[in-house]
Structures are given as C-alpha cells and as structure tokens.
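Take a look at the structure below.
Just so we're on the same page: letters track the sequence lines, and every chain starts at 1.
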Amino acid sequence: MSFEELKEACLAGCTPAQREAITHIDGPLLVLAGPGSGKTRVITRRIAHLIASGVRPGDILAITFTNKAAGEMKERIEAMGVPKGALVSTFHSFCARMLRIYGRCIGLTDAFTIYDTSDSLSAVKRAMAELEIDLEQFPMKPAGVAKLISHAKNRLLTPEKIMGDRPPEEAQTVARIYERYQKLLTQANAADFDDLLLLMVKLLQEVPETREKLPHRFRYVLVDEYQDTNRAQYLIARGMAASGNLCVTGDPDQSIYAWRGADISNILEFEKDFPTAKVVRLEQNYRSTKKILAAADRVIANNKSRKEKALWTENPDGEPLRLLRCEDEMEEANAVADEIAAWMRRGEFAPRDVAIFYRVNAQSRVIERSLRAEAIPYRIVAGTEYYQRKEVKDLLAYLRLVENPADNVSAQRVANVPPRRLGDASVTKLLDWGSAQGVSLLVAMTRAGEAGVRGGAVQGIESFLNVIRTLRAMPRTPVAPVVEKLLELTQFERHLADSGDGAEDRMSNARELVNAAAEYQQAEPEGTLQGFLEQTALISDVDGWDAKQGGVTLMTLHAAKGLEFPAVVILGLEEGLLPLQRSEDDGHELEEERRLLFVGITRAKRRVILTCADSRARYGKREYTQPSRFLEELPPDVVTDVPAGSNRRKETRETPLFRPSPFKARPSAPSAPRVVKRSENEEIVYDAEYDEDAMQAALHAPFRAGDRVSHPMYGAGKVMDVSGYGEEMRASVHFNSVGLKRLVLKFAHLKKL
DNA sequence: GTGGCATAGCTTTTT
DNA sequence: GCTATGCCAC
C-alpha cells in the first residue's frame, strides 16, 4: 500500500471530528473523547497517518498507563500496515528505559532495581530502624510514612511540604525518614515506582547532560488517558515534547485516580498551557444503547466541577437498566449468578460477554462462590497478583540480587529463605556493620567475621553466597535456566513442600516462574534477566486480562476503564460502598466516586444490571446500608426497579450431582467455532459452549492428577489437581504455553493425551 | 533461631 | 473474615 492509499485508509469510516484529529500534524492537540467515541481508533490512526505523511516512526512516542493499552495500540498500528518503530510504552516503562541509559547522571547504574510498594515499605522500615525511631512513641506507622513519601514524590513536593497540619516535630521526623529512605535506595541502586517518574523529571530539568538532549529526542508525543496524569507525568509529557507537537487524549469525566496524585487540571487547563492548541471533541458514542448512555449522562451531570459534554448515539434505544434490590450480599451474589445463567441459557450472552464490577476487591469473594455454584466460568482481574505472592517475590528477590548485588532489600528478604540458620539477629548485625562501612549487605556477608557474626550463621551465609555466586556466573540470556538453577540450588520446592495449607499452590507458583521466564524469552528472544525483572516489576492487574479468553470477567471499577462488554453488572450501589466511605468530606472525592460509576455504566454495550443490598458484612460484621445517592440520580424512565425479595432463591441451594445443565446448546453445532463480529476491529471466537460430550466427560471424572491433557486453546498440559464434582468439577492444569490454569471441566474441552 | 499462637488492622482504588 | 505481624516458648 502506498502512503497515499494508507492516508486514505486512515480516514475510512471516520466522522469529521475523528478525521480532524487524525489528520492534525503539527502543534498541540487536545482530544476530548467521551466513552465509546472511538478514541483508540483515532490515536492509532493518527500515528499511522503521521507515518504515512513522512514522519519517521522512530520520531514518535506514544504513552499509555498500562502495558495492556500499550500492547493493543502497538498491535493496531501494525495492523494498519505502516513501518514499525514508533515507541509505544507506559509512563513507567518509558522512564525506566531512559533511566537505564542516563541514570548514571543521578547515581543509578543500568542494573538498577525497581522497588514496588512492599519493597519500599521494607526500606522505610529499615530507614526508621537506622534512625532509631521508637515505634511505640512515634505516632505514624511505617506504611503511613511510605504513603506520605509516595504522595510527595507524585506531586513533586519536598518532604517538608507534605505534612500539612501535622505537628512540626512529627513533620521533621518524616522528613528525616524520607531523606534516609532515599539514601538507602540510592545505595541499593534502586528506584521506587515514583522515582521512575521523578528521576525522569530530573533528567529533563536538571541534569546538564540530558536536559538539552532528551526533550528533542521525539518529534511527536502522544499521551493517552491524560486526565489521569499526575504532576510528574505532566512534566514528563511537556518536557518530552519540545517540538510542541504534543497530542493528549482523555476524558475529564473518567478521571478516577486523584487519590493517587492524578491532577484533573492537567487536562482541563491544557488549552491554557498550550494557547495554540487545537481542540477536538468526540461526543458520538458507538458503544452503548441510548438508555445506557442516558443513564450515564444523567449521573455525571450531577458533578459540579466539570465541562459540559453532549454525548449522543445513533444506536438503538435498548432495554432499560435494571436495579436488583437484595437483602444482603449473599442474595445479591445469587441473584446475579442466576441472572447470568439465565442469559446464557437463553443464548443472549456468552460468559465472556459479561463483566461484573465492584468497588473493592473484597466484594469478589461472595460473587465467586455463587458463580461456582452455577458452574459459570469466570476470571478475576486483580486481587493478589501472581507477582505479589510471597514465594514468587522471594524468587524474584534472588534474581534481583544476581542483577544488582547492592539491593539490600532483596538480600534481607531472602537471606534466610529457605531457613539456613541466618536469622534476624545476624542479618541486622551485618546490615548495621555494612552501613557503617558503606558496603552492601552482600559484601558484609563476605566479611562476616569482621562484622562479628559467628556460630551457625556463618555456614548459612556461605550457602547463601554460594547460590548468588553460582547464579551470577551464568549467562543472563536465556533467563529460564537461571530461574531453574535457582530453584535447584535453594531446593525451593522442598522448602515449600512443608509450608502447610496451600503448599501445592505455592509450589506450582514457584515452578510457574520458570514458564514466565520462558514466555518472556519467546516474546523477547534477546531479552535479559534485567528485562525480565523489569517486566515483572511494572506489570499491572489488567495486563493479564485477555478479551479473547472465556469466562465472566470480575474486576474493580478502576480496572474496568478502557474496556467494553456487551453486558455489565455493577454491585453494591450503597452509601459507604459506592460512593465509598469518605473519611473527610467531601465534594471532590464524591465527584470521583460518581465518575467511577460513570466509567462502569459506560463500559456496557447492551445491558446493565445494578445491585444494592439492605445489609452487608464488613470486617466480618454485618452492617445495615442505605441505597446509594447515585440511584436517585438515575433517570427513572430508563431504570427498572426490581424490589427486595423477588431475588430470593427458591429452595434448591444445593448443586445436585446430575442437575441438568443451565446451558442449552446453541442451535448451531458446537464443533465449528462461532465467529462473531463485535465491533469493527474485533472478532471474537466462541468456543466455550456447552456440549454434551464435555458434560458427560465431566460427570465421570475422566482426569486425575498427573494425566497429560490437551486443550483447544492452551495446547498440551499436565493435570495437577482435580476437585469438585458434577458440573462443578474443575482441574488445575499446568500448560506449557500459559502455565497454571484452573478450568471448569464442563467448559474446558480437555482431551486426554 | 525456629515455630506456634495471639492480635491488630484492614478495604478503596494501582504503576 | 482474613492476613500479616509481633511476641513468646522451646
């Protein structure tokens, strides 16, 4: 395709407003994009159009918030058939990348480690210990201090400025901790999440070697979800766009991260920042029915501080939204599971068409139970993320040490994992000695005698150092063998084997890391251990979610941003939950809660169910609730109210062994996968329909632990464990391709090999 | 130094 | 209700 034809293709099927945004080349551009208005399409086509207009791909930088968004954008640009080479990245990985190259100017080598929130907390604790702060006397807990530090970094405030109206001695102490914390990080050759941004700002503003050069590195800069940028991100976006060709897209009504330092005025005042900016509004919605859009629009209209927007759609009216009033969260969960089962029975929606959103992760537990009872397959996005598990973090700590021996947080974490008679007392002694000598914990270990450590601990130190030395002697590419060697040297699985409940899971999590490394290598053949570690550090909850996989999706409202589903259920429309209890009032935080609901409703294409319960257990105690004030804001003519009691389940609470499936086979034979066009750029293949053979197979427990099986999507794997019975029977299968999966046999179409 | 038991604190939301 | 931490006994 010639560039002229390509330009044409970029505009095909676009509205005048979309065209305007796509064809804009030089100068600042603000795209205010309502939900479902084709924003992603505009961004990707604009990039393709730039390239077709002669811009070198390497001169383009596009920044998103999640890896998933970045990945999709990359894919879609490639699909347009333009030359590759544009850098599409998240804020954090972009900054990490720059810091690997230029970090030396501010004290980081290219092997620096990225500390996540829990690593930061460890460092704060260590800082407080070094300053000999009495935890009994000092009123703040380490976690509180860590939060303040993060807060300060996000907003570019000095330690003194963050304390607000706290007593001056306290503020001073926090400032001292902050200072010490930062020193520890520098010594450890580490940067926390916030540092990635903050240090990048330094490179742009202060460091002589980079402040002239970096701002001109890219000629065209795009930032998506601009409404969620914080001060540091704002400065990075501005700073990288010395050319003035900065294009930002977003929707102030979908700003939901103020609590994390996002500053909505970044988008609201873009025109002030860039007086020559062109502004394009995308207000036509292609996603939702008229009723859904009207409901969302009426809710958000209650926000005082906002720019008016005229959302509209040519889509059909659609059905009314429905509100399910329930007695408590159990009834809520049952009612929702019943509903979804009924939709599937009627062939209205496949499991993967449906999403259930909630305000806090804790709400997922009850709904999961009900979905299992109905044998509805589901997937949770978020919760305890794989890379947050203890056993996985331990293994990663070893790997980080291999890469960066100065990383004291990691060294401290695993010095005695598995137990090797190297307890807190010795480690603290070594740490203290090391910090007095200005050497790392690892170095201190090599001179344990001088540090005054003797006895059984000395042998432990030897064996620990031996592990690190052996691994350091290995090549850093490919990564998987390093992980394997680590498991072997530490006898990690044996260590986990007697870790009580869930030992099995922990062992497979540990083994899974080898697969993760192999997978990484497949995606990045040249990838190093460092690259793998960076990826694991910067992964986010939604990143693991894949629209093509089956199952009802469960996630928080925050995680839902940017996604769309044919049917959406939003749980818990109650005062205190949605809107969530606000410690101090109010205005701004309430408006953010409202935006959260707006985001939730506008994810839906055709159907929305809202629920509320009269009582709900919280902290293990039952509390009586008031319906959410947002319910009153919904237009009555688009919402059907289903009163309390009518959701109560009739009798059959138990799942009988041979209960007929709630799933009727679709009219078409299940053998041929059904392909459905969902939207212009997206095709979904249904393959998880009920079929009689699979059902029969499930009823007779055809698999046992140890069996080799194959799955139509994941390929070959090994059964780790089988549980449940009848329709609920499920198996944990370890696949070569994707690692450990829990599958409902009825849906999984597993074949024995 | 290790392992078991009690208790505090937790629920926003995440890169 | 669950978990992560801290304290105590061996």
Self-check item: Value in whole Å for how far the C1' atom of dT13(B) lies from CZ of Arg595(A)
Solution: 13 Å
Quiz item: Is the distance from OP1 or OP2 of dC10(B) to the nearest side-chain N or O of Lys141(A) less than 4.0 Å?
Solution: yes
Quiz item: Would you say the side chains of Asn334(A) and Ser370(A) form a donor-acceptor pair under 3.5 Å?
Solution: yes
Quiz prompt | Atom pair SG (Cys95(A)) and CD1 (Ile236(A)), whose distance is rounded to the nearest 0.5 Å | solution = 3.5 Å
Quiz item: salt bridge (charged side-chain N to carboxylate O under 4.0 Å, His left out) with Lys125(A): which residues, sequence neighbours excluded?
Solution: none
Self-check item: Protein-nucleotide distance (His151(A), atom NE2; dT14(B), atom P), rounded to Å
Solution: 19 Å
Practice problem: Specify the separation, in whole Å, of atom NZ of Lys68(A) and atom C1' of dT15(B). | Solution: 16 Å
Exercise. Return the nearest nucleotide to the side chain of Asn361(A); candidates are dT13(B), dT15(B), dG9(B).
Key: dT13(B)
Using the 3.5 Å cut-off, write out each protein N or O paired with an N or O of nucleotides 1-5 of chain B and the distance between them.
from   : atom 1 : to        : atom 2 : distance (Å)
dG1(B) : OP1    : Gly423(A) : N      : 3.1
dG1(B) : OP1    : Ser426(A) : OG     : 3.0
dT2(B) : OP1    : Arg421(A) : N      : 3.1
dT2(B) : OP2    : Asn416(A) : ND2    : 2.7

Quiz item: Between atom OH in Tyr619(A) and atom P in dT3(C), what is the gap in whole Å?
Solution: 16 Å
Practice problem: Sticking with atom P, work out how far dA4(C) lies from dT13(B), rounded to a whole angstrom. | Solution: 15 Å
Quiz item: Could you give the CD-to-P distance, from Glu534(A) to dT15(B), as a whole number of Å?
Solution: 15 Å
Quiz prompt | 5′-ward residue of the pair Ala537(A)/Ala362(A) relative to DNA chain B | solution = Ala362(A)
Exercise. Using distance alone, with no hydrogens and no angle criterion, decide if Glu574(A) and Ser628(A) have a side-chain donor and acceptor under 3.5 Å apart.
Key: no
Quiz item: Is the centre of the Tyr257(A) ring less than 6.0 Å from the centre of the His558(A) ring?
Solution: yes
Practice problem: Could you please name the option among dT15(B), dG1(C), dT13(B) that lies closest to any side-chain atom of Val360(A)? | Solution: dT13(B)
Exercise. Take Tyr181(A) and Val145(A), measure what side chain to side chain contact (heavy atoms under 4.5 Å, CB included) needs, and give me the verdict at the end.
Key: CA-CA 10 Å; Tyr181(A) 166 83; Val145(A) 179; over 6 Å; no
Practice problem: List for me each residue that meets salt bridge (charged side-chain N to carboxylate O under 4.0 Å, His left out) alongside Arg413(A), sequence neighbours excluded, and say none if there are none. | Solution: Asp394(A)
Self-check item: Rounded distance (Å) that lies between atom C1' of dT15(B) and atom CD of Gln535(A)
Solution: 14 Å
Quiz prompt | Selection residues 250-261 of chain A - residue pairs positive for salt bridge (charged side-chain N to carboxylate O under 4.0 Å, His left out), sequence neighbours left out | solution = Asp251(A)-Lys309(A), Asp253(A)-Arg306(A), Asp253(A)-Lys309(A)
Quiz prompt | Residue Thr90(A), side-chain atoms from C-beta onward, closest of dC10(B), dT14(B), dT15(B) | solution = dT15(B)
Quiz prompt | Partners passing salt bridge (charged side-chain N to carboxylate O under 4.0 Å, His left out) against Glu225(A) (at least two apart in sequence or in another chain) | solution = Lys39(A), Lys561(A)
Quiz item: Rounded to the Å, how far apart are His92(A) NE2 and dT14(B) P?
Solution: 14 Å
Quiz item: Side-chain donor-acceptor pair under 3.5 Å between Tyr387(A) and Asp116(A), yes or no?
Solution: no
Quiz item: Base, sugar-phosphate alone, or nothing: which one does Tyr257(A) contact when heavy atoms must sit under 4.0 Å apart?
Solution: sugar-phosphate
Quiz item: OP1 or OP2 of dT14(B) less than 4.0 angstrom from a side-chain nitrogen or oxygen of Thr556(A), does that happen here?
Solution: yes
Taking N or O atoms only and anything under 3.5 Å, show me the protein contacts with nucleotides 4-8 of chain C, one pair per line.
none

Quiz prompt | Between dG1(C) (P) and Glu329(A) (CD): distance, integer Å | solution = 11 Å
